[in-house]
Amino acid sequence: MNKRVELYRQTDWILGDSMERILTSIENRRITTGDQLFLLSGCSTGSGTTMCTIQMAIAFAEAGYRTLLVDCDSRKDSKYKRLCNEKEKGLSHFLLEDLEFKEIAYSTIIPNLTYIPIGGVKQNPIYLFRNSRIVKFLKEAKESYEIILLDFPSIRISPEATLLFHLVDGIILIASLNETTEKELLYAKDQLISYQEKYYGLIVNKISLSDLKGQMRDYDYYKQPKMIHRYIMHLKKRKC
């Protein structure tokens, strides 16, 4: 395995509390489904999907699960990436250059957590994720890890995320409170029409302490499809 990647848990108690709730919800569902492979994508740009995915991966790893975090965002320039740069071998090299799985996997300073960057091979994202080797990659990942998290950019600008819907076990959407619009939420919801059985829920990100206290009385960060409806109602109230 390659050099160790530095990852750190956020110390913000709001984020920590929400991650524990998300982890519990997924664990409860996995008891009957055995799901391993999860795709995360934002409903809009700037939803904080990568931050949420990293913190979720750390939470799973610290809970004792062999966890794999995979960067699937080939659209963002490497200088804006939170982890690794385009010189690192990654997923794109596995798909296009026939590298072995072990050549693109990076250990981290978090026990039980492995990271795979997207890599620096330039290719149209649609063609990249249509590559037949994606099936081989996911198969090998599921053989070695208990939890695999695929970090995709916003579903609004990243149609390649939908190419993997039929291959993953679960789909999780990320929205940004007071930033993600009703139109963007409904668009994301429409993409899931044929995959409702795989939909785990919506994470509402960038929530303040005051908002948290008010909303905790009614619902958690993490709910089934009702969460989208409640978020839309929240947006409508703000317009009044």
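We count residues from 1, following the sequence as given. A quick note: this is a predicted structure, and the numbers were derived from the prediction, not measured.
Counting only distance, with no hydrogens or angles, the side chain of T32 and the backbone of R29 share a donor-acceptor pair below 3.5 Å. Counting only distance, with no hydrogens or angles, the side chain of D169 and the backbone of Q36 share a donor-acceptor pair below 3.5 Å. At distances below 3.5 Å, not a single donor-acceptor pair connects side-chain atoms of K142 with backbone N or O atoms of L37. Counting only distance, with no hydrogens or angles, the side chain of Q123 and the backbone of L128 share no donor-acceptor pair below 3.5 Å. With hydrogens and angles disregarded, a donor-acceptor distance shorter than 3.5 Å links the side chain of R66 to the backbone of S144. For the pair D35 (side chain) and G170 (backbone), a donor-acceptor distance under 3.5 Å is absent. Side chain of T108 to main chain of L113: a donor-acceptor pair is present (N/O by atom type, distance under 3.5 Å, no hydrogens or angles). In this structure, the side chain of Y106 engages the main chain of K89 through a donor-acceptor pair within 3.5 Å. Within the 3.5 Å criterion, the main-chain N or O of Y187 finds no donor-acceptor partner in the side chain of R156.
From C52, atom SG reaches atom CD1 of I172 across 10.0 Å, with rounding to the nearest 0.5 Å. To the nearest 0.5 Å, the span separating CG on D73 from OG1 on T50 amounts to 6.5 Å. Remark: S74 OG to F129 CZ distance equals 5.5 Å, nearest 0.5 Å. The NZ atom of K139 sits 13.0 Å away from the CZ atom of R133 when rounded to the nearest 0.5 Å. The CD1 atom of I155 lies 5.0 Å from the OG atom of S41; values are rounded to the nearest 0.5 Å. Between T33 atom OG1 and E197 atom CD the span is 11.5 Å, to the nearest 0.5 Å.
In this structure the side chain of F94 reaches within 4.5 angstrom of the side chain of K136, judged on heavy atoms. For the pair H93 and E103, the minimum side-chain heavy-atom distance is 4.5 Å or more. Side chains of M19 and Q55 form a contact here, defined as non-hydrogen atoms less than 4.5 Å apart. Contact annotation: the side chain of E184 never approaches that of E179 to less than 4.5 Å [non-hydrogen atoms, C-beta and beyond]. Within the 4.5 Å cutoff, the side chain of L69 has no heavy atoms near those of the M56 side chain. Under the 4.5 Å side-chain criterion, counting only non-hydrogen atoms from C-beta, T49 is in contact with D151. In this structure, the side chains of D71 and L91 stay at 4.5 Å or more apart for every pair of heavy atoms.
Nearest approach of I104 to I116, heavy atoms of both residues: O-CG1, 3.6 Å. The shortest heavy-atom contact between P111 and A61 is O-CB, 3.5 Å. Between E160 and I126 the shortest heavy-atom distance is N-CD1, 3.7 Å. Across T180 and S44, no two heavy atoms sit closer than the pair OG1-OG, 2.8 Å.
Ring pair Y145/F101 is tilted by interplanar angle, where 30° to 60° counts as tilted.
In the hydrophobic clustering of ILVMFWY residues, with side-chain heavy atoms under 4.5 Å counting as a link, V135 and L150 come out together. Cluster annotation: L167 and Y127 are assigned to distinct hydrophobic clusters (Ile/Leu/Val/Met/Phe/Trp/Tyr, side-chain heavy-atom contacts under 4.5 Å, transitive). Connection of I193 to I171 is not established within any shared hydrophobic cluster, with ILVMFWY side chains joined at heavy-atom distances below 4.5 Å, either directly or through further cluster members.
Just one residue in the list L40, L39, L192, L185 forms a side chain to side chain contact (heavy atoms under 4.5 Å, CB included) with L173, and that residue is L192. Partner of F165 under the ring-ring contact (aromatic ring centres under 6.0 Å, His included) criterion, chosen from F38, Y199, Y195: Y195.
Side chains of N112 and T67: a donor-acceptor N/O pair is absent below 3.5 angstrom, by distance only.
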Can L202 and C43 be said to form a side chain to side chain contact (heavy atoms under 4.5 Å, CB included), step by step? CA-CA 9 Å; L202 174 76; C43 297; 3.9 Å; yes
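Within 6.0 Å of CD in E100 there are 12 or fewer heavy atoms belonging to other residues, nucleotides or ligands.
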